[in-house]
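Side chains are part of it too, since the values below use all heavy atoms of this structure and drop only hydrogens, waters and symmetry mates.
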Amino acid sequence: MGRVASTLATGALACACVVVAGCGTAATGARREGPAPAATRVKTPSTVAPAIVADQVALATMVRKDNSVSADVREDLTPCVGAGYPMDTDSGDLTAGDGPDLVINVTTCGDGLGIAAYVYRMVNGKYQNVFADEQPPVYGSVEDGRLQIIHEVYRTDDPATYPTGQESITYAWRGQRFVEVARDFSDFGARTPTVSPEPTSTDPAPLPKSDPVDPGVPSAETTTPAKSPSSGVSGKPSSPAAPGSTAPQMSADGDAIQHGQGQ
């Protein structure tokens, strides 16, 4: 992820001596270092996570197939050494779509710094990108049914572990777009850090030019764990296969290619 490291360095320098949205490490999840925010919000339980969250390969493939995601992010979204893909997710009902909305944070492998944050809305069984923030470092999450985007702010002499402050932007879904409903700044350098409200933008967040992407995971019916070949529904040994029948074939990773007995 060579270009990602360069992008992060450029983003930090762009914050020199001023408070600028779009700079800093993430405050939750992917955030690995730096002082904790002065105030934290109470996070309500999210809805049941979409099936694709459990399949990192499908999740990364979906992001790479999304033509609205920058070429650098798509090219650099590869597995970390000895680990999975550098992604963090959250889900919830943000847009009243056909299913839970999916917030995807793409991070660096080493320290988990946020590179980009996206919101995918379920539309007719496919996911469509309806929000993108590719100003690293950045982190997105679902907070009380709304989208929260966190940026930490650096001055030129700030070490990476101690940003000057943190900017939080809250978005609500209105008229098929996300709009700002709250924005505040926390000054980490103050003797008594406090959260200070800031003016919100009256313009809706830019809508990515994205085509719906097939999540590429089995439906809920096919993701139900298959019964063990050695036992039936009651837990008793299953009867031998009928003459002329063929036992389910197994793929290289051990999954049955043929599912559903008696069909």
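- R121 is listed as a side-chain neighbour of D101, based on a closest heavy-atom distance under 4.5 Å.
- To the nearest 0.5 angstrom, T170 atom OG1 is 9.5 Å from I149 atom CD1.
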Handout entry: Residue pair I104, V63: steps toward the side chain to side chain contact (heavy atoms under 4.5 Å, CB included) verdict
Key = CA-CA 9 Å; I104 299 178; V63 174; 3.9 Å; yes
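- Taking 4.5 Å as the limit, every side-chain heavy atom of Y171 sits out of range of all side-chain heavy atoms of L94.
- V179 and I150 are not part of a single hydrophobic cluster, where members link through side-chain heavy atoms under 4.5 Å apart.
- Note on V138: it clusters hydrophobically with L207, by side-chain heavy-atom contacts below 4.5 Å among ILVMFWY residues.
- Inter-residue side-chain proximity for V130 and F178 is flagged as met; some heavy-atom pair is nearer than 4.5 Å.
- For the pair L102/L59, a side-chain contact is recorded, criterion being any heavy-atom separation below 4.5 Å from C-beta on.
- Considering every non-hydrogen atom in both G216 and A58, the closest pair reads O-CB, 4.1 Å.
- Residues L77 and V57 are members of one and the same hydrophobic cluster, defined by side-chain heavy-atom contacts under 4.5 angstrom among Ile, Leu, Val, Met, Phe, Trp and Tyr.
- Here the shortest heavy-atom pairing between S91 and A49 reads OG-CA, 3.5 Å.
- Between A172 and R146 the shortest heavy-atom distance is CB-NE, 4.0 Å.
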Practice task
Begin with the C-alpha distance, continue with both residues' side-chain angles, and end with the deciding distance and a verdict on side chain to side chain contact (heavy atoms under 4.5 Å, CB included) for S168 and R183.
Solution key: CA-CA 6 Å; S168 170; R183 180 189 287 257; over 6 Å; no
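- Outside the 6.0 Å centre-distance limit, the rings of F131 and Y118 are not counted as a close aromatic pair.
- Atoms OG1 and CZ, on T78 and R64 in that order, are 8.0 Å from each other to the nearest 0.5 Å.
- A donor-acceptor pair under 3.5 Å is absent between the side-chain atoms of Q148 and the main chain of I169, judged by distance alone.
- The minimum heavy-atom distance between Y120 and Y127, with the atom names listed, is CB-CD2, 3.7 Å.
- At a threshold of 4.5 Å between non-hydrogen side-chain atoms, the residues V73 and E134 count as touching.
- Between M87 and T107, every side-chain heavy-atom pair lies at or beyond the 4.5 Å cut-off.
- To the nearest 0.5 Å, atom CG of residue D184 and atom OG1 of residue T194 are 10.0 Å apart.
- For the pair E180 (side chain) and T200 (backbone), a donor-acceptor distance under 3.5 Å is absent.
- A distance of 8.0 Å separates CE in M122 from CD1 in I52, rounded to the nearest 0.5 Å.
- Remark: D187 CG to Q166 CD distance equals 11.5 Å, nearest 0.5 Å.
- Closest of all the heavy-atom pairs between P215 and G125 is CD-O, 3.4 Å.
- Interatomic distance, D66 CG to K209 NZ, rounded to the nearest 0.5 Å: 14.0 Å.
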Exercise for the section: Would you please test D88 and Y139 for side chain to side chain donor-acceptor pair (under 3.5 Å) and show each step? Expected result: CA-CA 9 Å; D88 191 14; Y139 187 81; 2.6 Å; yes
Exercise for the section: Go through the steps for R74 and K65 under the test side chain to side chain contact (heavy atoms under 4.5 Å, CB included), then give the verdict. Expected result: CA-CA 8 Å; R74 282 184 283 148; K65 288 169 61 177; over 6 Å; no
Handout entry: Check against side chain to side chain contact (heavy atoms under 4.5 Å, CB included), T108 and I115
Key = CA-CA 7 Å; T108 59; I115 297 166; 3.9 Å; yes
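- The hydrophobic clustering, which links ILVMFWY residues whose side-chain heavy atoms are closer than 4.5 Å, places V123 and V53 apart.
- Proximity of V119 to N129: side-chain heavy atoms (C-beta onward) are nowhere separated by under 4.5 Å.
- Within the 4.5 Å cutoff, no side-chain heavy atoms of T164 are placed close to those of F188.
- Taking both residues in full, the closest heavy atoms of V142 and G92 are given as CG2-N, 4.0 Å, listed atom of the first, atom of the second, then distance.
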